[in-house]
Amino acid sequence: MTMSRSLKDPFGREIEYLRLSVTDRCDLRCFYCMPKGFDDYQESVDSLTFDEIERVVAAFGELGVKRIRLTGGEPLVRKDVTQLAGRLAKLNGIEDLSLSTNATRLSKHADELHNAGVSRINVSLDTLDPHRFREITGGKLEKVINGLMAAKEAGFFPIKINMVAMKGVNDDEFEQMVEFCIEHDFTLRFIETMPMGATGFGAKDHYLDLLSVERRLGERFELLPGVMPGGGPARYVQVSGTDLRIGFITPISQHFCESCNRIRLSADGNLYLCLGQDHSYALRPLLRGGISDDGLKEAIFEAIALKPERHEFNEKPNQVVRFMSMTGG
Ligand code: SAM
Ligand code: SF4
């Protein structure tokens, strides 16, 4: 059976981007993402195998999904993830394979990831202060900086820094991060905090409206309207006289649900249709029950039909009980 239907959800949005969480494990403990001391991980037998992941991505590729992002948890914690990247990069229809990482293990893997076909990377970095970094993540800043430099050396471009903007945590460092990104030719994206899971981290605790951040940066730097190819939901400005683009990802203050073209696959094989809602569709039992390739594609259509119109972070901030580390942000 040939599939000529496109992957359109009930609200007319064409789905062409899959975020693939390859593990729910992480070697850091960012306080906004995982609760302190958290170790209630999935059993590894519950995780999709590389063969299963490849099958699912191949089906998505045939249905029109062009972009895959490997994420987690920390994707580089999963053994041999470079091998998986190489397999996915070769699949029909997949034009863009990218990675979101905390960069702690990047200095070891940057070259091999680049050679495997990963074209772009995003690195989480909320502070340039080693003590603060330890407080936020429990880890060592030095490893991340080394990882970033190795990524640059390996030829990744663009490298995007994702900084979660938090009142009372890192709001005195935005200008410094801008300077750091100008110096190293990184792209900088600010992210609004989202209330996820039982991290005890609510939208109100440290929430900052990014419009106020943009206004503040405008007092120090001349900000021009900017564009970023493949920039996703971020709105960009460019710092005059430099190559630096700054993106603002504002799921809370200005949601971008009407143009959302993405879905998420958790490491244990659940498709999540919206970051801010619990609608999901379990693929693992189908994969392990011997479903045919056409049956798998039909299941994907059924899942897409469940995609809700928009998140409700503002109306129901306690609604989503899973952690960001399950679906990779
Ligand atoms: N471990 C990788 C990393 O940190 O980039 C990939 C997974 S992480 C869950 C993906 C992104 O989600 C990171 O940029 C992180 O800052 C963001 N994130 C996690 N919890 C968040 C929250 N409650 N609000 C906003 N962003 C969050
Ligand atoms: Fe780990 Fe990324 Fe979550 Fe931090 S944001 S705890 S690095 S998964």
Side-chain angles (χ1 to χ4, degrees), residues 19-42 69-78 81 98-106 109 113 118 120-127 133-141 143-144 147-148 151 159-167 169-170 177 187-210 232-234 247-253 255 262 264-267 272 275-276 311 313-314 317-329:
R19 294 180 68 100
L20 189 72
S21 173
V22 293
T23 177
D24 64 340
R25 286 166 193 263
C26 189
D27 53 356
L28 296 182
R29 285 288 176 285
C30 304
F31 75 96
Y32 48 75
C33 180
M34 285 193 198
K36 244 196 168 77
F38 177 80
D39 63 358
D40 186 17
Y41 291 121
Q42 289 159 13
R69 176 170 293 276
L70 301 175
T71 178
E74 174 46 42
L76 300 185
V77 164
R78 177 121 183 211
V81 76
S98 57
L99 171 80
S100 284
T101 176
N102 63 26
T104 56
R105 299 171 186 219
L106 203 50
H109 297 292
L113 284 163
V118 175
R120 299 180 298 116
I121 58 171
N122 290 358
V123 171
S124 291
L125 183 60
D126 299 328
T127 176
F133 186 84
R134 184 169 284 286
E135 274 173 22
I136 296 174
T137 72
K140 261 188 142 167
L141 177 65
K143 282 190 186 175
V144 175
L148 270 168
I159 296 173
K160 294 182 186 160
I161 303 288
N162 283 337
M163 179 176 195
V164 180
M166 292 172 280
K167 187 166 62 189
V169 176
N170 61 359
M177 193 65 90
T187 297
L188 174 59
R189 306 191 318 164
F190 291 101
I191 306 180
E192 282 178 348
T193 57
M194 288 173 261
M196 295 292 292
T199 49
F201 180 76
K204 288 192 203 83
D205 298 344
H206 301 287
Y207 175 75
L208 267 179
D209 177 342
L210 292 186
F248 298 92
I249 304 180
T250 55
I252 305 296
S253 64
H255 75 78
R262 59 190 59 195
R264 296 169 168 83
L265 182 66
S266 65
Y272 285 94
L275 187 59
H311 71 65
F313 282 131
N314 293 324
N318 301 317
Q319 175 171 276
V320 181
V321 291
R322 65 180 189 271
F323 303 122
M324 199 71 104
S325 52
M326 281 178 65
T327 46

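In this chain, residues are counted from 1 in sequence order. Computed over heavy atoms, backbone and side chain alike; hydrogens, waters and symmetry mates excluded. This is a predicted model, so every value here is computed, not measured. Read the numbers this way: they start at 1 and go in the same order the structure lists the ligands and their atoms.
For the ligand labelled ligand 2, residue Gly73 lies inside the 4.0 Å heavy-atom shell. Assignment of Gly73 to the shell around ligand 1 is supported, since a heavy atom sits closer than 4.0 Å. Judged by the shortest distance from any of its heavy atoms, Leu28 lies inside the 4.0 Å radius around the atoms of ligand 2. Under a 4.0 angstrom heavy-atom cut-off, Cys26 registers as lying outside contact with ligand 1.
Of the residues Ile159, Leu106, Ile121, the one that meets the side chain to side chain contact (heavy atoms under 4.5 Å, CB included) test with Leu148 is Ile159.
Under 2.8 Å from atom 1 (Fe) of ligand 2 lies no N/O/S atom of Cys33, from backbone or side chain alike. At least one N, O or S atom of Cys30 sits under 2.8 Å from atom 4 (Fe) of ligand 2.
Put simply, the side chain of Leu208 does not reach to within 4.5 Å of the side chain of Met166, judged on heavy atoms. Using a 4.5 Å heavy-atom cutoff, the side chains of Val81 and Leu76 are in contact. Side-chain contact check for Leu125 versus Asn162: every heavy-atom pair is 4.5 Å or farther apart.
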Residue pair Arg69, Ser100: steps toward the side-chain hydrogen bond (donor to acceptor under 3.5 Å, both in side chains) verdict | CA-CA 7 Å; Arg69 176 170 293 276; Ser100 284; 3.2 Å; yes
Please walk me through it: do Glu74 and Thr101 pass side-chain hydrogen bond (donor to acceptor under 3.5 Å, both in side chains)?
-> CA-CA 6 Å; Glu74 174 46 42; Thr101 176; 2.7 Å; yes
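Which parts of ligand 1 touch Asn162 is read off a 4.0 Å heavy-atom cut-off, strictly below it: atoms 14 (O). Near Val164, with a cut-off below 4.0 Å to any heavy atom, the atoms of ligand 1 are 16 (O), 26 (N). Near Thr71, meaning under 4.0 Å from one of its heavy atoms, ligand 1 places the atoms 6 (C), 7 (C). Of all atoms in ligand 1, listed by their number and element, those nearer than 4.0 Å to a heavy atom of Glu192 are 25 (C).
Between Thr193 and Val164, the shortest heavy-atom contact is CG2-CG1, 3.6 Å. The shortest non-hydrogen separation linking Ala234 to Gly247 is CB-CA, 4.3 Å. Looking at every heavy atom in both residues, Thr127 comes nearest to Met177 through N-CE, 3.9 Å.
In terms of polar-atom proximity, Thr193 is not counted as a contact of ligand 1, lacking any N or O under 3.5 Å from an N or O of the ligand. Checked against a 3.5 angstrom limit, the closest N/O atoms of Tyr32 and ligand 1 fall inside it. For ligand 1, one of its N or O atoms has an N or O atom of Glu74 under 3.5 Å away. Taking any N or O of Met194, backbone or side chain, at least one lies under 3.5 Å from an N or O belonging to ligand 1.
To the nearest 0.5 angstrom, Met194 atom CE is 7.5 Å from Ile249 atom CD1.
Of the candidates Gly72, Cys26, Ser124, Ser21, it is Cys26 that places a heavy atom closest to atom 1 (Fe) of ligand 2.
The part of Thr101 lying near ligand 1 is the backbone, judged by heavy-atom distances below 4.0 Å.
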